[in-house]
Amino acid sequence: MSKVIDRNDIEMLVRRHLQELGVDSGFGKKREYIVAANWKMNMSEKETKKFLEEMKGMDIAENIRVMIFPPYPYLYLFKEKLRYEKIAYGAQDVAKEEKGAYTGEVSAAMLGDMGCPLTLVGHSERRSYYGDTSDIVAKKAKAALEHQITPMICIGETLEERKSRRYEQVLKGQLDAVYACLGKRISECLIAYEPVWAIGTGVIPTLKEISETHAYIHQVLRDYGVSEQNIKILYGGSVSAGNVRDIASVEHVDGFLIGGASLKADSFKKIIRLASEV
Ligand code: PGA
């Protein structure tokens, strides 16, 4: 009786054949995803410790990179507890200035002291409540890069901008400001596309809208000379265990920036696991 060949067998045969030919085609490799938690102004010291205990020793799949952005006062806990874990952490914002009389600000050098390899910049809550214009966001990204900290630049349109079909123009404007300040170094940043109307609302764009918007962002980046392979674009806004697999299946989605659903270790771990299975 002839053996039924399944998809895994075919993948293995093709991979072996390509290896013999000395070709690394990436065939059969799992897509890589960044799963990032934005805690905003939530969690206490006690809750943070508990969360980190629950994350410890988690078997994180090869194709997943986990990142957590806690409030500033708890960064020290990540420095102490996560040293040997496969989880990167960062701040939710950074000063654009280097140092000096800027009460309330935290500099990129200070984040470096806390062991942060990452920081968010330009989250829509910073843009709308604290006056972070695209120029300020660009300067913050620059300050981070100067201290070897990777900025995750958040961009996104409001519902009104989406409905009036001005979203492309808005996203381009947000990116242009960064490019004007960083030039090609924009490729050293991560981009998080977060439609403002999807943040904390439980509403997400259609998969087609996500796909088209990520493709548009790549088009803008290509015009700066940054190819698709050289930059990652995450999606953010109401990501949950219930929708992460669908969103992960969308072309050009390299990861997720998660607010509400990242506040409990259980739910965050579930999202990490689901993303690794796509
Ligand atoms: P949400 O937040 O997942 O709660 O919508 C996402 C974000 O603001 O980064």
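Just so you know, these numbers use all the heavy atoms, side chains as well, and skip hydrogens, waters and symmetry mates. None of the values given here were measured: they were computed from a predicted structure. When a ligand or atom number is given, it counts from 1 through the structure's own listing order.
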Handout entry: atom 9 (O) of ligand 1 - nearest protein heavy atom and its distance
Key = Glu194 OE2, 2.7 Å
Exercise for the section: Check whether the side chains of Tyr224 and Asp176 place a donor and an acceptor atom closer than 3.5 Å, and report yes or no. Expected result: yes
Problem - Lys/Arg-Asp/Glu bridge criterion (N-O < 4.0 Å) met for Lys49, Glu53 - result: no
Exercise for the section: In plain terms, say whether Glu125 and Lys40 are close enough for a salt bridge, that is, a side-chain N and a carboxylate O under 4.0 Å apart. Expected result: yes
Practice task
Salt-bridge test for Glu160 and Arg166: reply yes if a basic N is under 4.0 Å from a carboxylate O, no otherwise.
Solution key: yes
Problem - Gly237, any N or O under 3.5 Å of ligand 1 N or O - result: no
Exercise for the section: Verify the ring-centre separation between Tyr33 and Phe256: is it less than 6.0 angstrom? Expected result: yes
Fill in the blank from the handout: Checking heavy atoms under 4.0 Å, the part of Asn38 that sits near ligand 1 is side chain
Exercise for the section: For residues Tyr89 and Trp39, establish whether the separation of their ring centroids is below 6.0 Å. Expected result: no
Problem - Close approach of Gly200 to ligand 1, heavy atoms, under 4.0 angstrom - result: yes
Handout entry: Atoms in ligand 1 flagged as close to His123, the criterion being non-hydrogen separation under 4.0 Å
Key = 7 (C), 8 (O), 9 (O)
Problem - Which residue and heavy atom of the protein sit nearest atom 4 (O) of ligand 1, plus the separation - result: Gly260 N, 2.8 Å
Problem - Among Ser124, Ser238, Pro205, side-chain contact (heavy atoms from CB on, under 4.5 Å) partner for Pro195 - result: Pro205
Fill in the blank from the handout: Candidates Ser238, Ala261, Gly259; heavy atom nearest atom 6 (C) of ligand 1 found on Gly259
Exercise for the section: Work out whether the distance between some heavy atom of Ala198 and some atom of ligand 1 is less than 4.0 Å. Expected result: yes
Practice task
Consider every N or O of Lys40 and every N or O of ligand 1, then say whether any pair is closer than 3.5 Å.
Solution key: yes
